[in-house]
Every structure is written in structure tokens, then in C-alpha cells.
Asks: 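Please read through the structure below; I'll follow up with questions.
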There are 2 protein chains.
Amino acid sequence: MPGTTTRLADFLPYRLAITSNAVSGVIASEYGDRFGLRVPEWRVMAVLGDAGRLTQRQLVRATLMDKVAVNRACKQLEERGMLARSPNAADGRSHHLALTDDGVSIHAQIWPQAFDTTERIFSCLSEAEREMLRRTLDKVFEAVADREARQSENDEA
Amino acid sequence: MPGTTTRLADFLPYRLAITSNAVSGVIASEYGDRFGLRVPEWRVMAVLGDAGRLTQRQLVRATLMDKVAVNRACKQLEERGMLARSPNAADGRSHHLALTDDGVSIHAQIWPQAFDTTERIFSCLSEAEREMLRRTLDKVFEAVADREARQSENDEA
DNA sequence: TGGGTTTCGTTTCCCATGAAACGAAGCGTC
DNA sequence: GACGCTTCGTTTCATGGGAAACGAAACCCA
């Protein structure tokens with residue numbers, strides 16, 4: 001959008017938001033089309049595929065999603081037979097969640113696909129640039145997380 | 001979250017999303033509290049404050065928001081007396097939208113506030129890092145935008 | 001052992017968002 | 001100037017997602 005130099009366009013949080021949005025859009029449509037998964041489900045699958053079996057609480061921590069979102073995603077995946085629950089002997093309130101064979105096989109297809117897509121999206125960046133983006137985002141995220149942690153400490157007091 | 005090294009956590013689009021989300025959250029709550037504005041309204045105000053008067057269509061272009069979102073934001077701002085419509089002689093379907101005196105005065109308070117907040121959030125980065133981040137995000141955004149432009153060309157064919 | 005508190009998962013409710021359908025005005029062409 | 005086609009804005013509808021309320025299980029401590 002040449003010629004558009006409002007202050008909003010220069011505003012870093014705004015740029016972050018629209019870029020993230022654009023990227024998410026591409027990714028979501030890709031694996032929405034191929035696997036019928038939406039973002040939350042995809043994230044749960046991704047984590048479970050790596051971690052083996054987890055409770056919903058653990059999934060919340062790993063995905064940083066809301067517990068309701070995790071719950072819904074799990075329900076979806078269970079209905080589609082990609083995920084199964086087994087009793088948790090250590091805690092009767094929760095279950096162990098793990099991918100079924102079908103789930104594992106989908107998971108095995110997802111990563112190459114995801115890798116491929118991100119490769120295409122971020123091919124405009126050098127490896128060094130990507131690494132620096134990763135680090136920078138991390139710094140910012142940590143800063144905000146710390147900030148909020150300190151906030152809630154204050155709330156308690 | 002030490003020890004959490006799933007592949008999802010290393011996935012760049014994921015990091016982008018959670019970081020953007022975290023930042024947006026801080027900003028939104030800040031000017032939600034002080035001015036009773038939500039993101040879309042804030043963006044519209046920001047652009048109008050810079051540009052003088054625009055139609056909704058122009059606002060869509062400038063903010064990259066959906067036309068429905070722009071419409072709703074304008075309606076809100078109008079109800080609160082921050083924005084006024086005047087007839088558009090050149091095109092009877094649309095109106096010129098501009099900030100009222102109240103709107104202008106809010107706008108004048110918003111930017112210092114916004115600047116301050118982002119300063120706090122991004123204080124963990126050096127000036128060079130911020131510039132780098134800006135450029136990198138821009139590259140990625142452009143890449144995706146181009147990609148989608150090419151997509152829709154193909155759709156037409 | 002029993003009452004109070006916390007935690008996990010689930011349900012319910014509400015709001016924000018975007019897609020699609022729509023009227024109204026402009027544009028172009030004949 | 002009448003007809004279709006496009007564009008602007010608005011409304012309606014469906015969906016996603018989070019906050020809050022809830023039941024059930026676990027924990028705690030006397």
C-alpha cells in the first residue's frame with residue numbers, strides 16, 4: 001500500500017497483528033483444506049504427537065490455549081477418532097489423552113506439510129533473519145508474560 | 001516454560017501468533033480501560049486523526065479491517081460523539097467521516113498513551129532490534145499479500 | 001472422618017468477527 | 001433514458017472463542 005504512511009501503519013503492535021493474522025490465515029486454510037482441522041485442534045494434535053499422552057491441563061500449558069478451547073479441540077478429535085481417552089489412575093478427575101493410530105498417521109502427514117508451508121511463507125527471509133525473528137519474538141513474549149505475572153502478584157496483595 | 005520443547009513451541013507461525021496475541025492483549029486492555037475503545041474503534045480513530053476525513057472504503061484500505069468491522073466501529077464512534085458524517089458530493093452512496101472536536105481531543109491523548117505503552121512493552125529490545133523486527137515483519141507480510149494477490153489472479157482465470 | 005478449599009474438566013452464556021445477502025447509488029453501453 | 005453490472009454501505013446470520021458458573025474429584029488439616 002504505497003503512499004499509506006499513517007501513524008497506525010508504523011505502529012509496531014499493529015504490524016505484528018496484521019502479519020500474524022496473514023500468516024495464520026495461510027496456514028489455517030492449508031490444513032483446514034487437507035485435514036479438516038482448525039487451529040486449536042491442530043495445535044493439540046501437534047503437541048500430543050510429540051509428547052505421547054497428556055491430560056488437558058498439560059495441554060493447556062503446552063499450547064497456551066484456553067482450557068475451554070483445549071476441551072473443545074479434544075472433543076472434536078475424539079469424535080473423529082484421532083484421539084482416545086484412558087483413565088488416569090493418579091487423578092480421577094482427568095484422563096490421559098493420546099492419539100489413536102489414525103491420529104498418529106495424520107500427525108505424521110501434518111508436519112511435513114506444515115514445514116513445507118512455512119518454508120514457502122518465510123522463504124523471503126534468510127536463515128539468519130528467521131533466527132533473529134524467533135529470538136526477538138521470544139524476548140517480547142517473555143517480557144509481556146513477566147509483566148502479567150507481576151500484575152497478578154500485585155492483584156493478590 | 002522450561003523443558004517444554006515440543007515442535008509446536010519451535011514453530012514460527014505459532015510464536016508469531018502467541019506473541020502478537022500477548023501484545024494485543026496488553027494494548028487493548030490499556031486503552032479499553034482509559035478510553036472505552038476496542039481495537040477496531042481505536043484503529044479507525046487513529047487513521048482518521050491522521051488523515052482528516054475519509055469514506056468507509058478508504059478506512060478499510062487504511063486499516064486492513066473488514067468493511068463490516070469498519071462500519072461497526074464508525075457507528076460506535078458516531079454514537080459516542082467522537083465522529084461525524086457529512087455528505088459526500090462526489091458519491092451519494094458514501095459519507096465523509098471525520099473526528100469531532102471531542103474525537104480530536106481523545107485522539108490527541110491516545111497517541112502519547114499508545115507510545116508510552118509500546119515503549120514499555122518493547123523496552124526489552126534495542127532500537128536496532130525493533131527496526132529489524134519492523135523490517136522483517138514487513139517482508140513477511142508483503143510476501144503473504146503477494147501470494148494471495150497471485151492466488152486471486154488465478155481464481156479469475 | 002468430615003468440612004472447607006482448591007483443581008480439573010465441562011457446560012452455559014455472551015460478545016466479537018466475518019461471510020453472505022441485501023438495498024441503494026453510481027457507471028457504462030446501447 | 002433504460003438496462004445490466006459494479007461498488008458502497010448496511011443488515012442478517014452463523015461461527016469461534018473466552019468468561020463465568022458449575023459438578024466432581026482431590027487435597028488439607030484439625
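The chains referred to below are lettered A, B, ... by the order of the sequence lines, with proteins before strands, and numbering in each begins at 1. Every value quoted in this text rests on a predicted model; they were computed, and no experiment measured them.
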Asks: Bend angle of the helix from C:dT1-D:dA30 to C:dC30-D:dG1 from five-pair axes at both ends, rounded to 10°?
Replies: 20°
Asks: Taking only heavy atoms on the protein side, list every residue of residues 69-80 of chain A lying under 4.0 Å from any atom of DNA chain D, sorted numerically.
Replies: A:Ala69, A:Arg72
Asks: Looking only at the side chain of A:Val68 (C-beta and beyond, no hydrogens), which of the listed nucleotides C:dA19, C:dC8, C:dT12 gets closest?
Replies: C:dT12
Asks: At a heavy-atom distance below 4.0 Å, what parts of residues 28-48 of chain B sit against DNA chain C?
Replies: B:Arg38, B:Pro40
Asks: Of the residues in residues 17-27 of chain B, which ones touch DNA chain C at a heavy-atom distance under 4.0 Å?
Replies: none
Asks: Go through the structure and list residues passing side-chain hydrogen bond (donor to acceptor under 3.5 Å, both in side chains) with A:Asp66, not counting sequence neighbours.
Replies: none
Asks: Does anything in residues 82-92 of chain B reach DNA chain C, meaning a heavy atom under 4.0 Å, and if so which residues?
Replies: B:Asp91, B:Gly92
Asks: Can you measure B:Gln58 atom CD to D:dT7 atom P for me and round it to whole angstrom units?
Replies: 16 Å
Asks: Do the side chains of A:Glu131 and A:Arg134 get close enough for a salt bridge, i.e. N-O under 4.0 angstrom?
Replies: yes
Asks: Check this for me: A:Arg53, atom CZ, are more than 12 non-hydrogen atoms of other residues, nucleotides or ligands nearer than 6.0 Å?
Replies: no
Asks: Phosphate oxygens OP1/OP2 of D:dG9: is one of them under 4.0 Å from a side-chain N or O of B:Arg93?
Replies: no
Asks: Please confirm whether the shortest side-chain N or O distance from A:Gln56 to OP1 or OP2 of C:dT7 is below 4.0 Å.
Replies: no
